[in-house]
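A short write-up of the structure that comes next.
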Protein chains: 2
Amino acid sequence: MTVTARVPLADLAALLADGTRARFCLALLDGRAWTAGELARHAGVAASTASEHLSLLVRGGILAEERQGRHRYVRLAGPRVAQLIEDLAAHADLAAPAPPPPTLRAASSARAMAAARTCYDHLAGRLGVAVTDALTARGLLRQDTGFALSDDGLAWFAADLGVRLAPRGRRPMAKACLDWTERRHHLAGVAGAVLCATLLERGWVTRIGTGRALRVTAPGARALEDLLGLKSVESAGSEAAAGSRP
Amino acid sequence: MTVTARVPLADLAALLADGTRARFCLALLDGRAWTAGELARHAGVAASTASEHLSLLVRGGILAEERQGRHRYVRLAGPRVAQLIEDLAAHADLAAPAPPPPTLRAASSARAMAAARTCYDHLAGRLGVAVTDALTARGLLRQDTGFALSDDGLAWFAADLGVRLAPRGRRPMAKACLDWTERRHHLAGVAGAVLCATLLERGWVTRIGTGRALRVTAPGARALEDLLGLKSVESAGSEAAAGSRP
DNA sequence: GGGATCGTGCGGCGCCCGCCGAAACGTCCG
DNA sequence: CGGACGTTTCGGCGGGCGCCGCACGATCCC
């Protein structure tokens, strides 16, 4: 006997403690839905293996699934789990510094990711940190006593950017997210998501290939300079490879 | 072959994916240092087993150790890992609602914990949330656009509470921490730690037995009403059992 | 010095779980 | 309708790892 009562924390951690499942979650941090087969190939395991892993992750509340015909699409269950996995991954990467990129394609892709990428549903990389710094320097975002938009910040979203910033459920309006390439905070939360979505909608940034990496367009560079005084937002160029999506 | 390259995220999660190690970490969330033997008894495993687990956790950067004579004291490595484990535990407990307390002692201890406790180094439970709400209601803490102290809040710490609130390394001044009994946010970060330490120093709250549970003293209740307008801060009474520390 | 107490290294046992292949089911499309 | 494709279920295999007991070293206290 002695069934050693379950520990919820351990059960949750066990879901992420397998290399294959962890790879799935990291891939899904791009915020989009992948099919079971894509994830299987991405992680290098048989389809049957991937299927079992996905069932576990869905059952554990980490992933949400959506079936369409013969496809099974999965995505992260929500911003909360995305944040949790980001935090965990950031902490893990601090302890174990990233190994040198094995291939040239990977190195080029890594450069593009470091320049600008999405982090679930907001901006990250040098671009994400630069935008966050600019907001802070202009008094729109307060970082010295915590992490929150100022009244000027609210006004900036409404007037300058021209978008409504409405509360969405229990999700905080602004939240600090640790950037694992810059090792600094960038803007997450509702404001971060709205900002990222707006830039994508207006064509100010576009996705490179099918991955998480982003490129700032020429109109985007002008807009960012007008709105935030951001100079020389380096465009990652079109050199970068597509990304890890098969 | 096919060593399936290591995934740092999975390695980190694996450390927490064992019931015994998870129990260790949860116990250490009281912010203090435990000896190896205490933890072994607490988790119900042999001393040799505990010793191996502790070595893994220290090696993985989760715990810090300090040897004193024949004792090996361990504590959480810092506020960052404490926050990480709190987040993880909160998310896990949301999915798996807590089972009914098995014994009367446990039930009474749970009541005391729900009323007021420490969460690593800051206040939690109904008391922690009430203090956070009071700060917010008085315009000292801004929660609508993120989570940060206002200028009035800074002044309140200095003038009303009478403590210096100096930046400490990279740790944020204020941070939201999800309270797992109230399912609301309470104040963490440097401000939360300073506030909790101050209340303990002045005898406004005291620890119940050797556990995490806190009790508001009579002078403490008066002070909290004066400083924050907090009325009827229920004292958990002295009925509560000591806690889980052996 | 001697007897408790605390922590650690080593075998050895047993179980859990991640992996695959094969077969079956459902869907899509020609 | 039939073949191609994506996914799921089921055995079965193998390795990893969490557990203990025991022996040993270190420390404290009488």
Side-chain angles (χ1 to χ4, degrees), chain A residues 1-7 9-26 28 33-60 62-75 245-246, chain B residues 1-7 9-25 27-28 33-60 62-75 245-246:
Chain A
M1 263 303 181
T2 60
V3 201
T4 58
R6 307 216 59 78
V7 181
L9 168 60
D11 290 341
L12 176 61
L15 286 175
L16 302 173
D18 172 74
T20 300
R21 285 196 294 268
R23 257 184 276 266
F24 286 2
C25 293
L26 291 174
L28 289 164
W34 293 47
T35 70
E38 281 174 336
L39 286 171
R41 283 188 295 278
H42 173 74
V45 295
S48 58
T49 304
S51 174
E52 290 171 356
H53 284 313
L54 291 181
S55 297
L56 288 176
L57 289 169
V58 169
R59 189 173 279 278
I62 308 242
L63 303 186
E65 72 182 350
E66 206 166 333
R67 335 224 19 156
Q68 273 179 30
R70 59 181 167 180
H71 290 287
R72 176 197 212 178
Y73 284 97
V74 291
R75 53 185 166 74
R245 193 87 93 112
Chain B
M1 259 303 185
T2 56
V3 201
T4 57
R6 306 218 57 79
V7 181
L9 168 60
D11 290 342
L12 176 60
L15 286 175
L16 303 174
D18 173 74
T20 301
R21 286 195 296 268
R23 258 183 274 265
F24 286 2
C25 293
L28 289 164
W34 292 47
T35 71
E38 282 174 336
L39 287 171
R41 282 188 296 277
H42 172 74
V45 295
S48 58
T49 304
S51 175
E52 290 171 357
H53 283 313
L54 291 181
S55 297
L56 288 176
L57 289 169
V58 168
R59 188 173 281 276
I62 308 238
L63 302 187
E65 71 181 352
E66 207 165 331
R67 339 240 347 173
Q68 273 181 32
R70 60 178 168 180
H71 289 288
R72 177 197 210 178
Y73 285 96
V74 291
R75 52 184 168 76
R245 195 87 95 112

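A quick note: this is a predicted structure, and the numbers were derived from the prediction, not measured. The sequence lines fix the lettering, A, B, ..., with proteins before strands; numbering per chain opens at 1.
Residue contacts for A/Ser55: at a heavy-atom cut-off of 4.0 Å it reaches no nucleic acid atom on any strand shown. Looking at heavy-atom distances under 4.0 Å, B/Ala36 makes contact with sugar-phosphate atoms alone, never a base.
When distances run from any side-chain atom of A/Leu56 to the nucleotides D/dC20, D/dG18, C/dG18, the shortest one goes to C/dG18. Ranking D/dC20, D/dG18, C/dT8 by closeness to the B/Ser51 side chain, first place goes to C/dT8. Of the candidate nucleotides D/dT8, D/dG11, C/dG7, D/dT8 has the atom nearest to the side chain of A/Ala47.
Where A/Arg21 and B/Arg67 meet DNA chain C, the nucleotide closest to each residue was compared, and B/Arg67 sits on the side nearer the 5' end. Residue-to-nucleotide proximity on DNA chain C shows that, of B/Arg70 and A/Thr20, the 5′-proximal contact is made by B/Arg70.
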- Task: Take B/Leu12 and B/Ile62 through the side-chain contact (heavy atoms from CB on, under 4.5 Å) test and state the conclusion after the steps.
- Result: CA-CA 9 Å; B/Leu12 176 60; B/Ile62 308 238; 3.8 Å; yes
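Distance check, rounded to the nearest 0.5 Å: CG of A/Leu63 to NE2 of A/His53 gives 12.0 Å. In this structure, B/Leu39 CG and B/Thr49 OG1 are separated by 13.0 Å, a value rounded to the nearest 0.5 Å. Atom CG of B/Leu54 and atom CD of B/Glu65 lie 8.5 Å apart (nearest 0.5 Å). Between atom OG1 of residue A/Thr35 and atom CZ of residue A/Arg70 there is a gap of 11.0 Å, rounded to the nearest 0.5 Å.
In this structure, A/Leu54 places its CG atom 9 Å from P of D/dT7, rounding to the nearest Å. In this structure, the CZ atom of B/Arg59 is 14 Å from the C1' atom of C/dG9, given to the nearest Å. Following rounding to the nearest Å, A/His71 (NE2) and D/dT8 (P) show an atom-to-atom distance of 12 Å. Regarding B/Arg41, its CZ atom lies at a distance of 12 Å from the C1' atom of C/dG7, rounded to whole Å. Rounded to whole Å, atom C1' of D/dG6 lies 13 Å from atom CG of A/Leu39. Computed from coordinates, the B/Asp18 CG to C/dC17 C1' distance equals 14 Å when rounded to whole Å. The distance from atom CH2 of B/Trp34 to atom P of C/dC6 is 15 Å, rounded to the nearest whole Å. In this entry the distance linking NE2 of A/His42 with P of D/dG6 reads 18 Å, nearest Å.
With hydrogens and angles ignored, no donor-acceptor pair closer than 3.5 Å exists between the side chain of A/Arg72 and the base of D/dT7. Judged by distance alone, with hydrogens and angles left aside, B/Ser48 brings a side-chain donor or acceptor within reach of the base of D/dG21, the pair sitting under 3.5 Å.
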